[in-house]
K.L.:
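What follows is a single structure, and I will ask about it in a moment.
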There are 2 protein chains.
Amino acid sequence: MTESAGTGRDAEVVSRFVESFAAQLVEAGMTRMPARVFAALLSSDAGSMTSAELGEQLRISPAAVSGAVRYLAQTHMVSREREPGSRRERYRVHGDQWYEALTNRDAVLKRWEAALREGVTSLGADTPAGRRLSETLAFFEFLEGELLAMMERWRVHREKTFGPEGPQG
Amino acid sequence: MTESAGTGRDAEVVSRFVESFAAQLVEAGMTRMPARVFAALLSSDAGSMTSAELGEQLRISPAAVSGAVRYLAQTHMVSREREPGSRRERYRVHGDQWYEALTNRDAVLKRWEAALREGVTSLGADTPAGRRLSETLAFFEFLEGELLAMMERWRVHREKTFGPEGPQG
DNA sequence: CACTTCTTTCAGAAATTTGTGAAGTTAAGG
DNA sequence: CCTTAACTTCACAAATTTCTGAAAGAAGTG
């Protein structure tokens, strides 16, 4: 048993899950380090870890942690907070916040829509290709609205199931 | 004006849209060649092109077309059909089929769920981390159902807006 | 304001991915 | 069955991405 001092958690079991879940994220298109860091945070009891802890668990350099965290913060999957009275930082999965990040590909959708609108205009709205692009555009606009409504339903469903707090608020 | 013989389409305008839309897809995580091939098919009047046509428009080798098409076919973004009495093949965006491909990350979702279930068990359902994983799992299960319902609503919405055929049904 | 602790940046080594040409395979047409 | 058109596979070169060590940059502390 690889049991780190006093945590009551088998480091190897944790690591096994972290790596296997990260691998799935990678396969779905996420880059490796952000995926591993995110998986580690997700399976930490506190829901947050320091740079040093991440480096140790994942066996990566501070530089790699820094890069991964920057990406995760930009995409709102993780938030950073300063430990008061210390230059140490904690990175945290913020309860529900990251579901939104996952579905809120809003910026992406918007850019696709813009590109498609361009296409409809330049290929001609009355050509077969133009009509196809129009329909695609309509789909994305539909999607955008649906995602919003869906997240609202999830919030309700979640409160019913897990209570207004949820794991680690 | 770069007008290819008799098509009535300005090749350069088409190309400009194809490349810019493909670029957006790439930025969202799709690999370059599949993105370009898909964009080209999407903006073709017929909704389908041959390998040669794709190679010419995108300036890529038959090998590259082959690889891209294999990927697109596997992910059901594009279907392949044989031109009768010829060894030439046509690749086609199949009207509505590809919306489903886009949202039906079903296989991916299922694998994430499996990995999470593993995690809940191995970290302990009654630990803080285990509870967090449980909630994540619940979210994906919720998502799965929602996507299904959403596509049904889209089908209805689409028929109302575009008629039962749609562009190149 | 020096000291220490933590984080970020950066240049480059290492690994991975991508696209090509060339050879191989399949199937239509004579 | 031989020829030829079309697609696929494969090994490799090129481009890109990823991660690291080293150095520089912040930010608390005495």
Side-chain angles (χ1 to χ4, degrees), chain A residues 15 18-19 22-41 44 46 48-75 77-92, chain B residues 15 18-19 22-41 44 46 48-93:
Chain A
S15 179
V18 166
E19 297 304 334
Q24 297 300 330
L25 295 176
V26 168
E27 218 166 316
M30 199 176 195
T31 38
R32 183 177 265 89
M33 284 296 138
R36 294 180 70 205
V37 166
F38 181 71
L41 288 171
S44 68
S48 76
M49 295 172 80
T50 66
S51 175
E53 288 167 345
L54 285 166
E56 184 189 14
Q57 154 139 32
L58 303 173
R59 299 320 201 86
I60 57 180
S61 71
V65 174
S66 173
V69 161
R70 175 173 37 182
Y71 172 82
L72 290 169
Q74 268 174 354
T75 56
M77 304 275 288
V78 154
S79 64
R80 20 185 12 147
E81 31 187 81
R82 228 0 162 345
E83 263 179 356
S86 159
R87 33 225 158 296
R88 197 173 284 152
E89 213 151 14
R90 301 194 68 82
Y91 309 113
R92 141 162 290 130
Chain B
S15 179
V18 166
E19 297 304 335
Q24 297 299 330
L25 296 177
V26 168
E27 218 166 315
M30 198 175 193
T31 36
R32 182 179 264 89
M33 285 295 138
R36 296 180 70 207
V37 166
F38 182 72
L41 289 170
S44 67
S48 75
M49 296 173 79
T50 65
S51 173
E53 288 166 347
L54 285 166
E56 183 189 14
Q57 155 139 32
L58 304 173
R59 299 321 200 85
I60 56 180
S61 70
V65 175
S66 174
V69 161
R70 175 174 35 182
Y71 172 82
L72 291 169
Q74 269 173 353
T75 56
H76 304 121
M77 303 275 289
V78 154
S79 65
R80 18 184 16 148
E81 33 188 80
R82 224 12 165 327
E83 265 180 354
S86 160
R87 36 220 158 294
R88 197 174 286 154
E89 213 150 12
R90 300 196 68 83
Y91 308 113
R92 143 163 286 130
V93 279

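Naming convention: chains lettered A, B, ... in sequence-line order (proteins, then strands); numbering from 1 in each chain.
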K.L.:
Which part of the nucleic acid does B:Gly85 contact within heavy-atom distance under 4.0 Å: base, sugar-phosphate only, or nothing?
P.N.:
sugar-phosphate

K.L.:
Write down the atom of B:Ala39, the atom of B:Val18, and the distance for their closest heavy-atom approach.
P.N.:
CB-O, 3.6 Å

K.L.:
Would one find more than 12 heavy atoms of other residues, nucleotides or ligands at under 6.0 Å from atom CD of A:Glu56?
P.N.:
no

K.L.:
Determine, step by step, whether B:Glu81 and B:Arg90 satisfy the salt bridge (Lys or Arg N to Asp or Glu O under 4.0 Å) criterion, reporting the C-alpha distance in whole Å, the side-chain angles of both residues, the deciding distance to 0.1 Å, and the verdict.
P.N.:
CA-CA 5 Å; B:Glu81 33 188 80; B:Arg90 300 196 68 83; 5.5 Å; no

K.L.:
Have a look at B:Ser51 and say if it touches a base, only the backbone sugar-phosphate, or nothing, with a 4.0 Å heavy-atom cut-off.
P.N.:
sugar-phosphate

K.L.:
Does B:Arg80 make a side-chain N or O approach to OP1 or OP2 of D:dT8 shorter than 4.0 Å?
P.N.:
yes

K.L.:
What residues in residues 23-40 of chain A put a non-hydrogen atom under 4.0 Å from any atom of DNA chain D?
P.N.:
A:Thr31, A:Arg32, A:Met33

K.L.:
Between C1' on D:dC7 and CG on B:Leu54, what's the gap in Å once rounded to a whole number?
P.N.:
13 Å

K.L.:
Give the nucleotide from the list D:dT9, C:dA28, D:dT20 with an atom nearest to the side chain of A:Ile60.
P.N.:
D:dT20

K.L.:
Between C:dT8, C:dT20, D:dG28, spot the one nearest the side chain of A:Arg87, thanks.
P.N.:
D:dG28

K.L.:
If you check the A:Pro62 side chain, which of C:dT8, D:dT8, C:dG19 turns out closest?
P.N.:
C:dT8

K.L.:
Of the options D:dA6, C:dT7, C:dG21, whose atoms approach the side-chain atoms of B:Arg88 most closely?
P.N.:
D:dA6

K.L.:
Of the candidate nucleotides D:dG21, C:dG21, C:dC6, which contains the atom at the shortest distance from the side chain of A:Ala63?
P.N.:
D:dG21

K.L.:
Quick one: pull up OG in B:Ser51 and CE in B:Met49 and give me the separation to the nearest 0.5 Å.
P.N.:
10.0 Å

K.L.:
Please determine if a side-chain N or O atom of A:Arg82 lies less than 4.0 Å away from the OP1 or OP2 oxygen of C:dT7.
P.N.:
no

